[in-house]
Amino acid sequence: MTQKPSIPKGTRDFPPLEVAKRKFIMNTIQSQFEHYGFQPIETPSFENSSTLMGKYGEEGDRLIFKILNSGEYLKKVDESAFAKANYKEITPRISEKALRYDLTVPFARYVVQHQNDIEFPFKRYQMQPVWRADRPQKGRFREFYQCDADVVGSDSLWQEVEFVQLYDAVFTALKLEGVIIKMNNRKILSGIAEVIGASDKLIDFTVALDKLDKIGEDKVKQEMLDKGISQEAIDSASILFSLSGNFASQLEALKELLFTSEVGTEGIEEMLFINDAIQTLGLSTARLQLDVTLARGLNYYTGAIFEVSAPEGVQMGSIGGGGRYADLTGIFGLKDVSGVGISFGLDRIYLVLEELGLFPEEATQGVQVIFINFGDKESLYAMQAIKALRAQSIAAELYPDTAKMKKQMTHANRRSIPFVILAGDQEVADNTYTLKDMVTGTQDTVTLEELIKRLTANS
RNA sequence: GUGGUUGUAGCUCAGCUGGUUAGAGCGCUGGUUUGUGGUACCAGAAGUCGCCGGUUCGAACCCGGUCUUCCACCCCA
């Protein structure tokens, strides 16, 4: 009895063409990371549950994949907890390990654990899969890759400047022009909450504000009221709903709103510094925008917040994000180490490049040439040529079976192999090869030397 | 976690208010062409209608459960 094979919900198989395209993106990101001085690390797929639990809020805990203990795992559960079916008590007893939920917390753990061996500031990048027990949706999976670059051990705003440039460099290298790098600052958001007298509602206020372009001004205000923010507070923040103009002029307007707030003013100073630097240095293809409605990662970001949008006209959410967290490693006992980092959304970047037809042909090219198999004698002859071609870095192979010509040609065609070589009795006798161009359909008979020359010119 | 949606051949989908042997296109296999693919023509194979149970003389179709797909919310990459 055979069972119909399947994979868990929210996971994917990647066929060769998709792997090639994903690698193209990852290689591009990786090479820019390295140009900017980041070093790779890798951490385990699973961590001790205690490392992960409680680091992402209540919602996050629910979305962490827990790994069941091995052996007699029920022995550690006391009967009253079991009888009550209290999963909050039972879970830590039967599961002591959990799959990585993101790359940031494992990185913080890594920094603290290896603090004596790390030279600070430490710039690391990491590209590994993470897992979330979420309900899958379009562009959302239960297993996906994160591509992160972070710096720990430096408060300098030059890091933020560097990350803006790094985003620009990566998307320019991917030929994805016109991406919008949006920035905000937690300190500005805190300042606003402070001056309107809603400091205790900071998270509710900013989460609602974040939805402005999605649900509109009226609904945002309604949500704020629902969350217990006063009408007076909302009114005094009215400038936020009509903020326009460039980076500098928006900051100018905010300055007036926030002049009584120390933290708010500090946030504005930071953003001015970053913007001035970027104005002087310039960006190749990306655009930098201030977006005070941007509110992400508020549980841990303390300064700059980044989010990258696809170019105008492409229907896609954010394709990258990041920010500064003043006390990344504090939860693991290493105080006052500031971190700042960014992340690239591999799957979404893939969808955007696909939609815009930006994958270069060479990124997806497989084998360049295949030899038709006419029998063992002819195949040995072919293998000698294949060896010579491979030595010239030309990807070549022999069809392994002496199948019908039609079958072999069809195989070459389906794999989009651009050239086929026929070497039967006649060619062996003449010490030649018949090279067929599968695109044009033309063919001619040449020497090995000529063969290498032609295929080299074509690759 | 909440609400909705989907499941029929390898793929995309038809299938009438429940009624004999469940169809199409594409793909697949073989042939027209035993050293020539991508186009044409001919023939053929292929489905416990997601799974379990119920209603009925009779279920792909109705009901319940379950899994799966996709979508919205929550949250997020």
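Letters go in sequence order (proteins before strands), and every chain restarts at 1.
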Does [X] reach a base, just sugar-phosphate, or nothing at all? Heavy atoms under 4.0 Å.
X	value
F141(A)	base
D102(A)	nothing
E427(A)	base
Q408(A)	nothing

task = Show your working on side-chain hydrogen bond (donor to acceptor under 3.5 Å, both in side chains) between S50(A) and N48(A) and close with a plain yes or no.
result = CA-CA 5 Å; S50(A) 56; N48(A) 293 323; 5.1 Å; no
Whole Å only: how far is the [atom1] atom of [X] from the [atom2] atom of [N]?
X	N	atom1	atom2	value
K182(A)	A77(B)	NZ	C1'	15 Å
D444(A)	G35(B)	CG	C1'	16 Å
D210(A)	C73(B)	CG	P	13 Å
K407(A)	G31(B)	NZ	C1'	15 Å
I64(A)	A77(B)	CD1	P	14 Å
Q126(A)	A77(B)	CD	P	15 Å
K55(A)	C76(B)	NZ	P	17 Å
E59(A)	C73(B)	CD	P	14 Å

query = Does the pair R142(A)/D134(A) count as a salt bridge with the N-to-O cut at 4.0 Å?
reply =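 The answer is no: the pair does not qualify as a salt bridge.
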Test: K97(A) and E47(A) ion pair at under 4.0 Å =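 Here K97(A) does not pair with E47(A) in a salt bridge, since their nearest N and O are not under 4.0 Å apart.
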request  = Return the 5'-most residue of the pair K404(A), R348(A) with respect to RNA chain B, ranking by each residue's nearest nucleotide.
outcome  =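 Counting from the 5' end, the first nearest nucleotide belongs to K404(A).
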Given RNA chain B, 5'-ward residue of the pair R62(A) and Q146(A), judged by closest heavy atom =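 Whichever sits nearer the 5' end wins; that is R62(A).
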For a quick test of your reading: what N or O donor-acceptor pairs under 3.5 Å do the side chains of residues 8-16 of chain A make, sequence neighbours left out?
| unit_1 | atom_1 | unit_2 | atom_2 | d |
| --- | --- | --- | --- | --- |
| T11(A) | OG1 | P8(A) | O | 2.6 |
| R12(A) | NH1 | D347(A) | OD1 | 2.7 |
| R12(A) | NH2 | E143(A) | O | 3.3 |
| R12(A) | NH2 | D347(A) | OD1 | 3.3 |
| R12(A) | NH2 | D347(A) | OD2 | 3.4 |

To the closest 0.5 Å, what do you measure between [atom1] ([X]) and [atom2] ([Y])?
X	Y	atom1	atom2	answer
T172(A)	Y167(A)	OG1	OH	14.0 Å
L99(A)	L52(A)	CG	CG	9.0 Å
K182(A)	L288(A)	NZ	CG	12.0 Å

task = Indicate whether F144(A) forms a stack on A77(B); treat it as stacked only if centroid distance is below 5.5 angstrom and interplanar angle below 30 degrees.
result =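 Ring-base stacking flag set for F144(A) and A77(B).
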For atom [atom1], what is the distance between [N] and [M], given to the nearest Å?
N	M	atom1	value
C62(B)	G18(B)	P	8 Å
A14(B)	C26(B)	C1'	14 Å
C13(B)	A60(B)	C1'	14 Å
U69(B)	U5(B)	C1'	9 Å
G37(B)	C49(B)	C1'	37 Å
G19(B)	A59(B)	C1'	10 Å
G7(B)	C70(B)	C1'	11 Å
A43(B)	A24(B)	P	13 Å

ask   = Does the pair Y56(A) and Y101(A) meet the rule for a ring-ring contact (aromatic ring centres under 6.0 Å, His included), with working shown?
value = CA-CA 9 Å; Y56(A) 309 98; Y101(A) 177 86; 4.2 Å; yes
Distances for protein N/O vs nucleotides 50-52 of chain B N/O pairs under 3.5 angstrom?
none

query = Would you say the side-chain atoms of R348(A) pair up with the backbone N or O of S318(A), donor to acceptor, closer than 3.5 Å?
reply =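 Yes; judged by distance alone, with no hydrogens or angles, the pair exists.
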key: L189(A)/L202(A) under side-chain contact (heavy atoms from CB on, under 4.5 Å): CA gap, chis, key distance, verdict   = CA-CA 8 Å; L189(A) 292 170; L202(A) 172 65; 4.2 Å; yes
Angle class for the [X]/[Y] ring planes (parallel below 30°, perpendicular above 60°, tilted otherwise)?
X	Y	answer
F359(A)	Y350(A)	tilted
Y110(A)	F107(A)	parallel
H411(A)	Y399(A)	perpendicular

request  = Test side-chain hydrogen bond (donor to acceptor under 3.5 Å, both in side chains) on N373(A) and S379(A) and set out the steps.
outcome  = CA-CA 6 Å; N373(A) 186 321; S379(A) 292; 3.2 Å; yes
request  = Hunt down any stem RNA chain B takes part in, defined as 3 or more consecutive Watson-Crick or G-U pairs whose two distances are each under 3.5 Å.
outcome  =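 Expected stems, ordered by start: B:1-4 with B:70-73, B:10-13 with B:23-26, B:28-32 with B:40-44, B:50-54 with B:62-66.
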query = According to the ring-ring contact (aromatic ring centres under 6.0 Å, His included) rule, which pairs have a member within residues 28-52 of chain A, sequence neighbours left out?
reply =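 Those involving residues 28-52 of chain A are F33(A)-Y125(A), F33(A)-F344(A), F38(A)-F163(A).
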inquiry  = Against V292(A), only a single residue in T206(A), L212(A), N185(A), L240(A) fulfils side-chain contact (heavy atoms from CB on, under 4.5 Å); can you say which?
reply    =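 Looking at T206(A), L212(A), N185(A), L240(A), the match for V292(A) under the side-chain contact (heavy atoms from CB on, under 4.5 Å) is L240(A).
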ask   = Just to confirm, is there a sub-4.0 Å distance from OP1 or OP2 of C73(B) to any side-chain nitrogen or oxygen of K211(A)?
value =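 For C73(B), neither OP1 nor OP2 has a side-chain N or O of K211(A) closer than 4.0 Å.
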Between the protein and nucleotides 67-70 of chain B, which nitrogen or oxygen pairs come in under 3.5 angstrom?
none

message = For a quick check, with a 4.0 angstrom heavy-atom cut-off, what is the B/S/- contact string for nucleotides 36-45 of chain B, read 5' to 3'?
response = BBB-------
